[in-house]
Protein chains: 2
Amino acid sequence: MKRQVSIKDVASEAGVSASTVSYVLNENPNVTISAETRERVLSAARDLNYVPNQAARTLGSSRVMGMTESKLIGIVIPQTEPEHYGARLMFSNPFYSTFLSAIELQIRRAGYHLIVSGTNPGQSYFEIVRSRALDGVIILGMYPSDDEEEYRSFNVPTVLVDCYGCDGRFFYGVNTDDRKGGYLATRYLLERGHQKIAFVTGQLKEHGVNSLRYRGYCDALDEFGVVLDPARVFSGYVGFDYGAEAAHKMAENINNVTAVFATSDITAIGVMNGFRAHGISVPDDVSLIGFDDIEYAKICYPPLTTIRQNIEEKGRRAAGLIIDAISDRQLPRVKEVIELELIERATVRSLA
Amino acid sequence: MKRQVSIKDVASEAGVSASTVSYVLNENPNVTISAETRERVLSAARDLNYVPNQAARTLGSSRVMGMTESKLIGIVIPQTEPEHYGARLMFSNPFYSTFLSAIELQIRRAGYHLIVSGTNPGQSYFEIVRSRALDGVIILGMYPSDDEEEYRSFNVPTVLVDCYGCDGRFFYGVNTDDRKGGYLATRYLLERGHQKIAFVTGQLKEHGVNSLRYRGYCDALDEFGVVLDPARVFSGYVGFDYGAEAAHKMAENINNVTAVFATSDITAIGVMNGFRAHGISVPDDVSLIGFDDIEYAKICYPPLTTIRQNIEEKGRRAAGLIIDAISDRQLPRVKEVIELELIERATVRSLA
DNA sequence: TACCTTTACTTTAACGTTAAAATAACAATC
DNA sequence: GATTGTTATTTTAACGTTAAAGTAAAGGTA
């Protein structure tokens, strides 16, 4: 087991000092290096197969306050669903594979690496931000936490994805207009004569995606003068199984429902399957609309009418924002909004 | 912007030296600390809200050769599909969200963080292993690379998932018996009277999953005395779109096919959809069997008959292995095999 | 010629931590 | 009473890097 090749080895191979090597390798603009020396250093580094030690870099660069560079970006994916639902896995929803993949690609191209972390319930994720000296953080669907004050004091660029009502003077945001999405889906059903519209969703947390979609649902009902019936609102967790569970409950009193708006496609598909088990047909007996437009929305049978959010675009924007925010600490704290689009497929029938 | 709270701050608060703090916090078994001092240190650390700097830890621990601890595990997900197929995203297959999620959970519980990285084509991922001083690496479906020799010399515990024919004296492995899976799927079709069985897959790389499944396909054909027809073999990339593309090609000469074995569910579902577009019914006109048993296999219509591999289990095993291998460098280099199971659903019809 | 500037480096110290060696106090053994 | 051992701690140096200060030579200006 050989010792790591360090900058000193490169330096002595090239016949210069360690700093010179550092300056060459980092293309430090504050220092002039002759072309001839630069060449010698570069070829020595190549010959020795030198790879910089990032831990040392991180530490070394922390001398100037606030200038620490770990070249590490964290993405925090909270455990949003209660454990008693059996949701031990943090992000098994296929939404995440597309989202993460889009982020990872951009991040890597910009020379960063990506740390993916769930959250330990009750434990703060600040710790990872601090201990790893993360250059930036992307947080998914979670309001930062109780001690936001403290978090700010670290001054780490932070992009909140799908988080509402958070302070736009500190955080960057990437959102979809979920309230509008909820409204569009519900209006679409109302326009086709549906009034008994059930709403199936995950946890209704303040500032959460689901609450916004719920607000949109209420908006549309209001607009059409339909009174909201709490017996038609099912709030559990995001997932196929809960959709099926909700369908079973609805099946007991199916006359109370002519259409269902599920706030995620995976839940909607669960609803569809749950109904099928009771011999209830979508869309002949009950209409159904989802949210997200994951790949399976067009694959399932019948293909799901849904509100599309461009997940890949969402990932790209989040990554782009965090990269820009890291390199320009003065970057105005924007909130980017990803457009929504209603995709008509085959799960909604007009009652006319 | 305040300076980071360091171990020295804790030390002076507790009235001891920095090393003492380090010893207490790491519960270093080689050093005895009085209960009273331990208490003082711990409470000082709590009061100051101290979080250790991992970069410094990594660097500091690298004094003893081979003992560097970054508490970082890398997972490398290679770009397996050619860019011209439009596969810019590395791991948008929903397989990965379950797999990653299972790994992340285990890793975090053991006190590690997870770096997720794709690969830059042509560029070695050794660099990330070295520059980040990764404690362990999980590599997905890829033979380490040309300069395996060099990689070994770093002596980093490495688990290869879905990689065959690699040296078991150095690497740990987590595999499914893909050849057997390919055999089981094909035999199931043959037993039901099918002979014209198409095979739809991704890239057929040596030591790759797809090649093994192909071997199993060949095994079964041989056993039943059926001659392999290369015109029934479609090798493109793993994904819905390629499945549909293959279906279009098959539709041109549909009499040449009575059943299809697709080596991943997502591809199988693409085949199903492609056929549907041509008015070809699964299973009435053509039977279909997939591989993986992703969530959507049971959700799609008709539900897909497939070979199940327990993806979550696979992730858990890989994570468990890497954690054990890090803490015990002498751990025998095992290859764990995840059991396969044929799940009968509704996409295969008997020709009888 | 004396002074300033620029170019091209080198030297030094620091980042936060830990391993190893050193020390000091005390107890046990001969 | 000297030696050895144990316990509890401190001191020192090192990990690999970089920022900042320092130096030396060459070139330009008054």
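Sequence lines set the chain letters: A, B, ... in the order given, protein chains first and strands last, and positions in each chain run from 1.
Heavy-atom nearest nucleotides on DNA chain C were determined for B/A55 and for B/Y23, and the one closer to the 5' end corresponds to B/A55. Between B/R38 and A/V51, it is B/R38 whose nearest contact on DNA chain D lies nearer the 5' terminus.
Put simply, CD on B/Q4 is 14 Å from C1' on C/dA14, counting in whole angstrom units. Between A/N28 atom CG and D/dT17 atom C1' there is a gap of 13 Å when expressed in whole angstrom units. One interatomic measurement links the two molecules: CD1 of A/I33 to P of D/dA19, which rounds to 13 Å at whole-angstrom precision. Protein atom CG of A/L59 is 9 Å distant from nucleotide atom C1' of C/dA14, rounded to whole Å. For the pair B/Q54 CD and C/dT17 C1', the computed distance is 10 Å after rounding to whole Å. For B/Y50 and C/dT18, the OH to C1' distance is 11 Å, given to the nearest whole Å. Remark: C1' of D/dT17 and CG of A/D9 are 13 Å apart, rounded to the nearest angstrom. In this structure, B/R40 places its CZ atom 12 Å from C1' of D/dA8, rounding to the nearest Å.
Among the protein residues, A/N30 comes within range of no part of the nucleic acid, since none of its heavy atoms lies under 4.0 Å from any strand. Within the 4.0 angstrom heavy-atom criterion, only backbone atoms of the sugar-phosphate kind lie near A/V16; the bases stay farther away. Base engagement by A/T20 is indicated by at least one non-hydrogen atom pair under 4.0 Å involving a base atom. At a threshold of 4.0 angstrom between heavy atoms, the contacts of A/T58 with the nucleic acid are absent.
Ring pair B/F126/B/Y151 is tilted by interplanar angle, where 30° to 60° counts as tilted.
Residue A/S6 has its side chain nearest to D/dG16 when only C/dC15, D/dG16, D/dT10 are considered. Minimum atom distance to the side chain of A/S22 is reached by D/dT18, of the listed D/dT10, D/dT9, D/dT18. Distances were taken from every side-chain heavy atom of B/A18 (C-beta onward) to each of C/dT18, D/dT18, C/dC9; the shortest belongs to C/dT18. In the set C/dT17, C/dT11, D/dT9, the nucleotide with an atom closest to the side chain of B/A56 is C/dT17.
Under 4.0 angstrom from either OP1 or OP2 of D/dT7 there lies no side-chain N or O belonging to B/T32. Checking the phosphate oxygens (OP1, OP2) of C/dC15, no side-chain nitrogen or oxygen of A/S62 falls inside 4.0 Å.
Residue A/S19 places a side-chain atom within donor-acceptor reach of the base of D/dA19, judged by atom type and a 3.5 Å distance cut-off alone.
Interatomic distance, CD of A/E336 versus NZ of A/K314, reported as 12.5 Å (0.5 Å rounding).
With no hydrogens or angles considered, no side-chain donor-acceptor pair links A/S101 and B/Y96 at under 3.5 Å. Between the side chains of A/T58 and A/Q54, at least one donor-acceptor pair of N or O atoms lies under 3.5 Å.
Counting heavy atoms from C-beta on, the side chains of B/I128 and B/R132 come closer than 4.5 Å.
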